[in-house]
Amino acid sequence: MFKLEGDDEKDAPTTSSSSDASRLGPPANSPAGLPNSTTLPTFDPSQRKRPSRWRIPMMATRALLLLAVLALYLGYRNKGVLPNPNQMVSEVLRQPIQSVTTRDPFTFTYRGSSYDVDPQADYEISGVVVTHNNVSGIGDAYHTSDSVDMKDLCVVWGSNVLNDNYQSIAYSSEPWTCVIFTPDRAVWERFFADELSNNHLLAADESVQERIRSARIGDQIRLRGMLVNYSPAGHPDIVRKSSLVRDDTGNGACEVVFVEEFEILKRATPGWYRIYQFGWWLLGAAILLRGYIFVKSPYGS
C-alpha cells in the first residue's frame with residue numbers, strides 16, 4: 001500500500017486567517033533595516049533588457065554559412081556530370097581527322113620561355129571532356145601556371161558517347177596521363193579504348209589559351225591544329241613527342257597538340273558550376289562578417 005503525503009487528515013494543507021501581526025509581516029510604517037522590515041524592489045524601465053545589437057548580424061552569419069555549405073555540397077555533387085547520349089552534338093560522334101602536314105618547324109614564346117616546335121600532322125578532334133589536369137593544383141608537381149602544356153584534356157567520342165556506358169567509368173588525370181577505371185567487366189567490354197585520348201595542349205594565341213583554360217569536365221569541345229614534337233629552345237635532347245595513332249596505351253600514347261582553333265560546342269551543367277562558385281562567395285562573406293563582428297564586439301558576442 002502506497003501512502004501519499006497529505007493523505008492523512010493531519011497532513012492536509014490548512015489556511016489561517018490569524019490577525020497576529022507577527023505572522024502577517026511588519027507594519028506598513030516599520031523602519032527600513034529593522035529585523036522584520038521588508039523593502040520591495042522598484043522597476044526602472046531603463047533597465048529593461050534590450051536585444052544585443054549584434055544579434056541580427058550573428059544570425060546573418062549563420063544563415064550565410066548554412067547556405068554556403070549547402071551550395072558547395074550540391075554544386076560539388078552535380079557539377080561536371082557527364083552528358084547523356086541524347087545531349088550530344090553531332091560533332092562529337094565523328095572520328096578525329098589527321099592528315100599529312102606541310103608545316104615547317106618553328107619557334108614560339110610562352111610566358112618568357114621559347115620552344116622549338118616540329119609539326120608531325122594536321123589534326124582536328126571533337127569530343128566530351130571526361131577529365132583534365134590542374135597545373136596549379138598541389139597534386140601536380142610537374143606543372144606550374146607557366147608550363148607551356150597549359151592543360152591536358154582527356155576526351156571520348158564516337159561510339160563511346162552513343163550510350164550511357166561511358167558514364168559508368170571513373171576518369172582521373174595524373175600529371176601526364178588519363179586514368180580510367182571500372183570494376184565491371186561488362187562495362188569495360190562495351191568501351192572503345194581507341195575512342196579516348198589524352199591531349200597535351202599548347203597554343204600561341206592568347207584568346208585560344210583562355211578558351212582552353214575555361215574547358216571543364218562534361219564540356220563538348222572541338223579543337224584544330226597540329227600534332228607536334230616540342231622542346232625548350234636550344235635543348236633538342238629534351239623533347240616531348242606526340243602519338244600519331246589512337247590505339248596505343250601507356251607512356252608516349254598521349255597526343256601533343258599545338259592548338260590554333262578551340263571551341264566549346266556545348267557546356268555541361270553550367271548552372272551547377274555557378275552554384276558551386278556562389279557557395280565559395282557565400283563562405284567568404286560569412287567569414288568576413290564573422291571577423292567584423294569579432295573585432296567590433298567584445299569576444300564576438
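Quick note: residue numbers are just sequence positions, from 1.
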| message | Given Arg190, which partner from the list Asp184, Asn165, Thr182 fulfils the side-chain hydrogen bond (donor to acceptor under 3.5 Å, both in side chains) test? | response | Asn165

Indicate whether the side chain of [X] and that of [Y] have a donor and an acceptor atom separated by less than 3.5 Å.
X      : Y      : result
Gln95  : Glu195 : yes
Ser214 : Arg267 : yes
Ser114 : Thr109 : yes
Asp146 : Thr144 : no
Ser231 : Asp116 : no

Residues [X], [Y]: salt bridge by 4.0 Å N-O rule:
X      : Y      : value
Arg103 : Glu260 : yes
Arg224 : Glu261 : yes
Glu255 : Arg246 : yes

| By salt bridge (Lys or Arg N to Asp or Glu O under 4.0 Å), which residues pair with Asp149, not counting sequence neighbours? | none

| message | Per the disulfide bond (SG atoms under 2.5 Å apart) rule, what does the pair list look like for residues 163-263, sequence neighbours excluded? | response | Cys154-Cys178

| task | Would you check if the distance from the ring center of Phe258 to the ring center of Phe106 is below 6.0 Å? | result | yes

